[in-house]
Amino acid sequence: MSELKSILTLIRSCKEEKMKRQSRLEVAKKYAVALWETAAQDDNMLKVFQDVQKLQTACRDQTLLKKLNMPLLSKTQKDDLVSTIAKSLNLNIITKNFLTVLIENRRFDVLENVLNTFKDIYFQKNNILKVVVETAQPLNNNQEQKLKTGLEKKLKKEVWLSYKLNENLLGGLTLYYDSVQIDDSLKNKLNTIQQVMKGLK
């Protein structure tokens, strides 16, 4: 735990004035890297990664983030709230302490960016390809598994699927990874047919 203390101390020592001059993404990256290094040194990377996923789900409830960013809440109240969150989500001590640091530095506003950046670092370090799947309707478990298996076979690397619903697609799906877009949606196919028909007039 000595490594954890040293990393957290390093974060606390950051000058708030300097942090404020940086963009939110730059600040989030510094925190995400610090969290990564702490988890790696304490050999708790998988646990912290799982915590990040739990927190991302929790962050969908914007009232939670707003409450933690309320200036009228005392530090003690916010600490109590973090303890409650950590207990309910069964968070690792590293993740819990990290949330406390964000409160101390009044940077809970970058939490979502930190979580996203941490996952990007995790994927990069573990050679995992993040693929965003855009569909008109949610895929069932069988469809998800077939898609994942097919992509991993084609791309020859482990794939992490992230989903986004878009009713405008009508059907089918669109895939995004790196700078690649594969549009197999019904909307795209109809547009293609429409363009072909225009050329026949």
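The analysis underlying the following values was restricted to heavy atoms, covering all of them including side chains, and did not include hydrogens, waters or symmetry mates.
For the pair Asn127 and Glu158, the minimum side-chain heavy-atom distance is 4.5 Å or more. Within the 4.5 Å cutoff, side-chain heavy atoms of Val82 are placed close to those of Ile103. Between Lys29 and Ile121 the shortest side-chain heavy-atom distance does not fall below 4.5 Å. In this structure the side chain of Leu165 reaches within 4.5 angstrom of the side chain of Pro138, judged on heavy atoms. Using a 4.5 Å heavy-atom cutoff, the side chains of Ile93 and Asn44 are not in contact. Here the side chains of Lys153 and Thr149 are not in contact, with every heavy-atom distance at 4.5 Å or above.
The CG atom of Leu35 sits 6.0 Å away from the OG1 atom of Thr95 when rounded to the nearest 0.5 Å. Atom CG of Leu46 is separated from atom OH of Tyr122 by 5.0 Å, given to the nearest 0.5 angstrom. Taken from CG in Leu102 to CZ in Phe108, the straight-line distance is 6.0 Å, to the nearest 0.5 Å. To the nearest 0.5 Å, the span separating CG on Asp51 from CG on Leu89 amounts to 8.0 Å.
Of all the heavy atoms in Lys130 and Tyr177, the pair that sits closest is O-CB, 3.5 Å. Closest non-hydrogen pair, Val159 versus Glu152, comes out as N-OE2, 3.0 Å. Of all heavy-atom pairs between Ala32 and Val114, the closest is CB-O, 3.7 Å. Minimum interatomic distance between Leu99 and Leu111 (heavy atoms only, all atoms of both residues): CD2-CD1, 4.0 Å. Heavy atoms only, all atoms of each residue included: Met45 and Ala40 are closest at CE-N, 3.6 Å. Looking at every heavy atom in both residues, Leu161 comes nearest to Glu144 through CD1-O, 3.9 Å.
There is no path of hydrophobic side-chain contacts, each under 4.5 Å, that joins Val132 to Leu151.
Ring geometry for Trp36 against Phe118 counts as tilted: the plane angle lies between 30° and 60°, on a 0 to 90° scale. Relative orientation of the Phe123 and Trp160 rings is tilted, given thresholds of 30° and 60° on the angle between their planes.
Of the possible donor and acceptor atoms, none in the side chain of Gln145 sits under 3.5 Å from a partner among the backbone N and O of Asn142. Of the possible polar contacts, none joining the Glu37 side chain to the Ala34 backbone as a donor-acceptor pair under 3.5 Å is found. The backbone N or O of Ile128 sits nowhere less than 3.5 Å from a side-chain atom of Asn126 that would complete a donor-acceptor pair. Distance alone, capped at 3.5 Å, places no donor-acceptor pair between the Asn105 side chain and the Arg107 backbone.
Atom NZ of Lys157 has more than 12 neighbouring heavy atoms from other residues, nucleotides or ligands inside a 6.0 Å radius. The local environment of NZ in Lys47 is sparse, with at most 12 non-hydrogen atoms from other residues, nucleotides or ligands closer than 6.0 Å. Shown here is Gln53, whose CD atom has more than 12 heavy atoms of other residues, nucleotides or ligands within 6.0 Å. The local environment of CG in Asn140 is crowded, with over 12 non-hydrogen atoms from other residues, nucleotides or ligands closer than 6.0 Å.
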(message) Does Cys59 form a side-chain contact (heavy atoms from CB on, under 4.5 Å) with Leu115? I'd like the steps, not just the answer.
(response) CA-CA 10 Å; Cys59 283; Leu115 300 177; 4.1 Å; yes
(request) Evaluate the criterion side-chain contact (heavy atoms from CB on, under 4.5 Å) for residue pair Thr38 and Phe98; output intermediate values, then yes/no. (result) CA-CA 10 Å; Thr38 305; Phe98 188 77; over 6 Å; no
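For Tyr31 and Asn113, the side-chain atoms include no donor-acceptor pair closer than 3.5 Å. Side chains of Lys119 and Gln56: a donor on one and an acceptor on the other come within 3.5 Å.
A salt bridge does not link Asp80 to Lys78: none of the charged side-chain nitrogens sits closer than 4.0 Å to a carboxylate oxygen.
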